[in-house]
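What follows is one structure encoded as C-alpha cells, with my remarks underneath.
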Amino acid sequence: MLAGVSADYYLRLERGRDRNPSVQVLESIARVLQLDDEHLAYLLKLVADTPRQRRRRQRKETVPAGALKLLGSLVQPAFIEGRYFDILASNSLARALSPSLAEGGNQLRDLFLNPAEQALHPDWENITECFVANLRQAVGTDIDDPRFIELTGELSLASVRFRQLWARHDVRGQRGTPIRLNHPQVGELTLNRERLGIAGADGLMLVVFHPDTGSSDAEKLTLLAAAGLPAVREPQAVQPVNI
C-alpha cells in the first residue's frame, strides 16, 4: 500500500512473474523497504533491460603485464584479486602477512574454511559479512557463472556461517578501510586496506595494505619485511568446518 502497488502485483514481482517493472515502481518499493543506495542500484541492475549473457565456460581472468610490474614495485603488502576473490598475483610481503594470499588461493574459501586464516582476523565476523555482501554485489545477474556456482556451492555445503550470511541477501561494496590482523610473529597490527580497479581488466582489483606513517604498525610491517616472517602457526590442512 505504501508503495502504491497492489498486493497481487507485488507478489508477482516477488515470484519473478513480472520481469519488466518500471523504474518508478522499483524506486517506490525501495523507498518503503528503506533500501540504501547500494541495494537500490543492485535491485535496478537485476531487472535491467540488457539481456544477461549466459556463460557456458569459466571466464579466464588475466592480469595485465603493467599491473604485474606495478605489483612487483610496491613496498607494501599487495595482491591482485579476481571477481570472486581469487588471488591472481601477490608480492612477497603479502604472503608474509598471510600464506593464504599466495597465487591460486581464494580469500572467501580461506576465511570460512581455514582455521589459521580465521585466527589472523580478530574481527572475523564483520569481515565475513563484508565479503559475502560484496560477493552478491559482484555476481549481479551472472548466477550461472561456473566459478560462482563452484565457489558458493562448496562454501554452502561446508560452512554454516556462509549459509547464514548468504541467506540474508546483503549487498555492499568494499571500500578503503582499516583492518586488524593478529599476526603470529609480530602481534596485532592495524593496516589500511585499499582496493583499486585495474584499467582494462573488468572485475580485477589491486589490493594494498599500508600502515599509518610513523605508527607502531609501520614498525611491525618493516620488521616483517626485513625478516621475511611468514604468518605460519602449526601446519594445518584446509578442511571444511561448520562455523
Side-chain angles (χ1 to χ4, degrees), residues 59-124 127-128 130-131 134-135 138 147 151 173-236 238:
R59 179 177 60 180
K60 184 178 181 181
E61 295 179 310
T62 303
V63 181
L68 288 174
K69 290 180 181 179
L70 174 61
L71 178 66
S73 70
L74 294 175
V75 297
Q76 302 93 348
F79 58 93
I80 294 174
E81 67 182 18
R83 190 183 187 194
Y84 302 126
F85 303 109
D86 293 307
I87 304 297
L88 305 179
S90 62
N91 62 16
S92 59
L93 190 49
R95 296 189 294 274
L97 202 60
S98 171
S100 69
L101 295 179
E103 181 178 345
N106 179 273
Q107 296 169 84
L108 269 174
R109 188 174 188 275
D110 283 312
L111 275 171
F112 284 100
L113 305 183
N114 188 342
E117 185 66 16
Q118 293 160 15
L120 191 64
H121 296 277
D123 302 317
W124 179 79
I127 289 175
T128 52
C130 181
F131 267 79
N134 188 243
L135 173 64
R147 177 58 181 147
L151 181 62
Q174 289 200 37
R175 304 176 180 86
T177 183
I179 183 172
R180 286 199 307 146
L181 299 171
N182 184 20
H183 195 279
Q185 273 74 45
V186 298
E188 186 170 306
L189 65 165
T190 300
L191 301 174
N192 302 296
R193 184 177 188 269
E194 309 293 342
R195 297 177 78 241
L196 310 172
I198 299 176
D202 184 35
L204 269 59
M205 306 293 289
L206 172 64
V207 183
V208 182
F209 292 96
H210 61 99
D212 291 340
T213 303
S215 64
S216 61
D217 302 310
E219 295 176 357
K220 292 177 181 179
L221 199 59
T222 299
L223 174 63
L224 190 64
L229 296 172
V232 176
R233 293 174 171 82
E234 293 298 321
Q236 292 179 326
V238 178

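Because the structure is a prediction, the values reported are computed rather than measured. Index from 1, following the sequence.
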If you take all heavy atoms of [X] and [Y], which pair is closest and at what distance?
{"X": "S90", "Y": "L71", "result": "N-CD2, 3.6 Å"}
{"X": "F79", "Y": "R193", "result": "CZ-NH2, 4.5 Å"}
{"X": "I87", "Y": "S100", "result": "CG1-O, 4.0 Å"}
{"X": "H183", "Y": "A96", "result": "NE2-O, 3.0 Å"}
{"X": "K220", "Y": "G187", "result": "NZ-C, 4.4 Å"}

Treating [X] as the side-chain partner and [Y] as the backbone partner, does any N or O pair qualify as donor plus acceptor under 3.5 Å?
{"X": "H210", "Y": "E194", "value": "no"}
{"X": "N91", "Y": "V75", "value": "no"}
{"X": "D212", "Y": "S215", "value": "no"}
{"X": "W124", "Y": "L111", "value": "yes"}
{"X": "D86", "Y": "L88", "value": "no"}

* Asked: Taking the six-membered ring for Trp, are F85 and F131 parallel (under 30°), tilted (30 to 60°) or perpendicular (over 60°)?
  -> tilted
* Please lay out, stage by stage, how V63 and E103 fare under the test side chain to side chain contact (heavy atoms under 4.5 Å, CB included). => CA-CA 12 Å; V63 181; E103 181 178 345; over 6 Å; no
* With sequence neighbours excluded, residues passing side chain to side chain contact (heavy atoms under 4.5 Å, CB included) with L70 -> S73, L74, L206
* To do: Assess whether side chain to side chain contact (heavy atoms under 4.5 Å, CB included) is satisfied between H121 and I179, documenting all intermediate values.
  => CA-CA 8 Å; H121 296 277; I179 183 172; 4.0 Å; yes
I need the [X] [atom1] to [Y] [atom2] distance, nearest 0.5 Å.
{"X": "R83", "Y": "R147", "atom1": "CZ", "atom2": "CZ", "value": "12.5 Å"}
{"X": "L93", "Y": "L101", "atom1": "CG", "atom2": "CG", "value": "10.5 Å"}
{"X": "R195", "Y": "N134", "atom1": "CZ", "atom2": "CG", "value": "5.0 Å"}
{"X": "L135", "Y": "L108", "atom1": "CG", "atom2": "CG", "value": "5.5 Å"}
{"X": "L181", "Y": "I127", "atom1": "CG", "atom2": "CD1", "value": "7.0 Å"}
{"X": "L204", "Y": "T62", "atom1": "CG", "atom2": "OG1", "value": "8.5 Å"}

* **Candidate pair V207 and Q107, rule side chain to side chain contact (heavy atoms under 4.5 Å, CB included), full reasoning** => CA-CA 12 Å; V207 183; Q107 296 169 84; 5.7 Å; no
* Asked: With sequence neighbours excluded, what pairs up with D217 under the salt bridge (charged side-chain N to carboxylate O under 4.0 Å, His left out) test?
  ->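 For D217, no residue satisfies salt bridge (charged side-chain N to carboxylate O under 4.0 Å, His left out) once neighbours in sequence are set aside.
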* **Check: L189 and P211 side chains under 4.5 Å, non-hydrogen atoms** =>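 Side-chain contact under 4.5 Å: no.
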* To do: Take L191 and L97 through the test side chain to side chain contact (heavy atoms under 4.5 Å, CB included) and record every step on the way to the result.
  => CA-CA 11 Å; L191 301 174; L97 202 60; 3.9 Å; yes
